[in-house]
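To keep things clear, I will list the structure first and then write my remarks on it.
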Amino acid sequence: MKLLSVDWDFFFPIPERQDIQLYDWGHREGVAFMLEGIWEIRAAAFFMSGKSLPMTDGHELKFWDRFSFSEDAILTYADSHSQIYNPKVIKGITEIDNYDAHHDSYQTPKDVVKRGIVDCSSWATYACMQGIKVTTFYPKWGSYLPETTKPKVNQVIHIDRQKPVKQIYDRIFVCRSGAWTPTWIEDKFWDFIDRCPARRKVQIAMSKRQYNQKEVDTYLEQNKKLLESLKNKLAPIGKNCY
């Protein structure tokens, strides 16, 4: 049985060099603030830099058209990629085609056994340990920003060419990766789920996030006042410099 796995960050390009400081995001799955509250602060950083908010690459709109599924294929979706190990998703699966901006095998098999947990950084490692063939397809935009950390297991890596796929998939798994993907593209995620042709869709422990532009405006106003205050305090010092 074959599983199509899709990480939502596959559709969210990171720039090659410019503005990379705006994308230097710390993250921690399972922490409410990292999933939702922090994105207004990050949005404010873009506006303060005179930049528009980054969006998806648009490929998600036609993504499902490239694939074929069995009549009883079920879509399961969750926030974390670790939820791929829900028994209803993984049971009986022998192959996983993973469309993802990351290979998710950052832990060695020894590390996985020692830690005793499977998370978003090690689920692919664990899959290979179970004898499941994992093939990861990076997005085309990822071809110019390759990962420096190599997979810790024998995982096949390709660059997605956005062409039709002949395989027929028995199950589908989608993760939102809320610690990596912003709330201002949240509506696009749920539209992506709606577009999936699977007749049955199962949601695991997640809810829709909200993007609050008023809160962003508040951060911007506070920053403006802080800069004006600093400017006034530094002005007398500047007059005495020569």
Side-chain angles (χ1 to χ4, degrees), residues 1-11 29-30 60 63-139 150-178 180-181 189-190 192-207:
M1 295 182 67
K2 196 153 190 173
L3 171 66
L4 174 64
S5 176
V6 185
D7 193 314
W8 181 232
D9 68 14
F10 181 84
F11 306 106
E29 285 198 332
E60 75 277 6
F63 181 81
W64 297 119
D65 297 340
R66 301 167 47 200
F67 300 91
S68 298
F69 306 99
S70 61
E71 290 186 4
D72 58 349
I74 299 174
L75 164 66
T76 303
Y77 55 103
D79 187 72
S80 172
H81 221 141
S82 64
Q83 291 295 329
I84 198 172
Y85 274 96
N86 185 294
K88 294 181 179 180
V89 178
I90 203 67
K91 185 177 180 180
I93 294 298
T94 56
E95 295 183 51
I96 299 175
D97 281 352
N98 178 44
Y99 288 76
D100 199 332
H102 308 91
H103 58 67
D104 292 348
S105 57
Y106 301 101
Q107 308 292 330
T108 66
K110 184 178 180 179
D111 290 336
V112 173
V113 173
K114 182 178 180 179
R115 296 174 68 200
I117 61 171
V118 177
D119 58 19
C120 60
S121 70
S122 62
W123 73 263
T125 298
Y126 188 68
C128 292
M129 291 169 63
Q130 301 303 305
I132 299 174
K133 179 183 177 181
V134 179
T135 302
T136 291
F137 295 86
Y138 287 147
K150 301 300 181 182
K152 302 299 184 182
V153 288
N154 186 24
Q155 182 184 165
V156 180
I157 303 290
H158 295 294
I159 298 296
D160 179 39
R161 300 305 176 187
Q162 299 184 2
K163 295 181 178 180
V165 177
K166 295 181 180 180
Q167 298 287 346
I168 296 178
Y169 295 92
D170 303 287
R171 293 182 195 145
I172 313 160
F173 177 79
V174 175
C175 69
R176 180 176 58 188
S177 291
W180 287 267
T181 57
F189 170 79
W190 292 96
F192 180 67
I193 295 297
D194 289 341
R195 287 174 180 271
C196 179
R199 296 179 181 179
R200 184 181 173 192
K201 301 176 183 180
V202 179
Q203 177 178 304
I204 300 179
M206 67 183 299
S207 58

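Sequential numbering from 1 along the given sequence is applied to the chain's residues. These figures come from a predicted structure and were not determined experimentally.
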What's the separation between atom [atom1] in [X] and atom [atom2] in [Y], rounded to the nearest 0.5 Å?
X: His81; Y: Cys120; atom1: NE2; atom2: SG; result: 9.5 Å
X: Arg199; Y: Glu71; atom1: CZ; atom2: CD; result: 5.5 Å
X: Asn86; Y: Ile204; atom1: CG; atom2: CD1; result: 4.0 Å
X: Lys152; Y: Thr125; atom1: NZ; atom2: OG1; result: 9.0 Å
X: Asn98; Y: Tyr138; atom1: CG; atom2: OH; result: 9.5 Å
X: Tyr169; Y: Met1; atom1: OH; atom2: CE; result: 13.5 Å

So which heavy atom on [X] is nearest to which on [Y], and how close?
X: Ala124; Y: Gln155; value: CB-NE2, 4.0 Å
X: Cys175; Y: Asp79; value: CB-O, 3.7 Å
X: Arg200; Y: Val202; value: NE-CG2, 3.9 Å
X: Ser105; Y: Val153; value: CB-CG2, 3.8 Å

Do [X] and [Y] make a side-chain contact, defined as non-hydrogen atoms from C-beta onward lying under 4.5 Å apart?
X: Glu60; Y: Phe10; result: no
X: Lys88; Y: Thr76; result: no
X: Asp104; Y: Thr136; result: no
X: Ile172; Y: Cys196; result: yes
X: Leu75; Y: Phe69; result: no
X: Val89; Y: Tyr85; result: no
X: Leu4; Y: Phe67; result: yes
X: Ile84; Y: Ser5; result: yes

> Distance-only, no hydrogens or angles: does the Thr94 side chain make a donor-acceptor pair with backbone N or O of Ile132 under 3.5 Å?
Replying inline: no

> Is a side-chain donor or acceptor of Asp9 paired with a backbone partner of Ala101 at a separation under 3.5 angstrom?
Replying inline: yes

>> Looking at Lys2 and Asp170, is any side-chain nitrogen of the basic one under 4.0 Å from a carboxylate oxygen of the acidic one?
In response: no

> With a 6.0 Å cut-off on ring centres, are Phe11 and Trp8 close enough?
Replying inline: yes

> With sequence neighbours left out, what residues match Ser177 under side chain to side chain donor-acceptor pair (under 3.5 Å)?
Replying inline: Asp7

> Should the pair Tyr99 and Phe63 be assigned to parallel (<30°), tilted (30 to 60°) or perpendicular (>60°) ring geometry?
Replying inline: perpendicular

>> Holding to side chain to side chain contact (heavy atoms under 4.5 Å, CB included), I want the full list of residues that pass it with Thr135, two or more places apart in sequence or in another chain.
In response: Asp97, Lys133, Phe137, Val156, His158

> Which pairs count as salt bridge (Lys or Arg N to Asp or Glu O under 4.0 Å) when at least one residue sits in residues 112-128, sequence neighbours excluded?
Replying inline: Arg115-Asp119

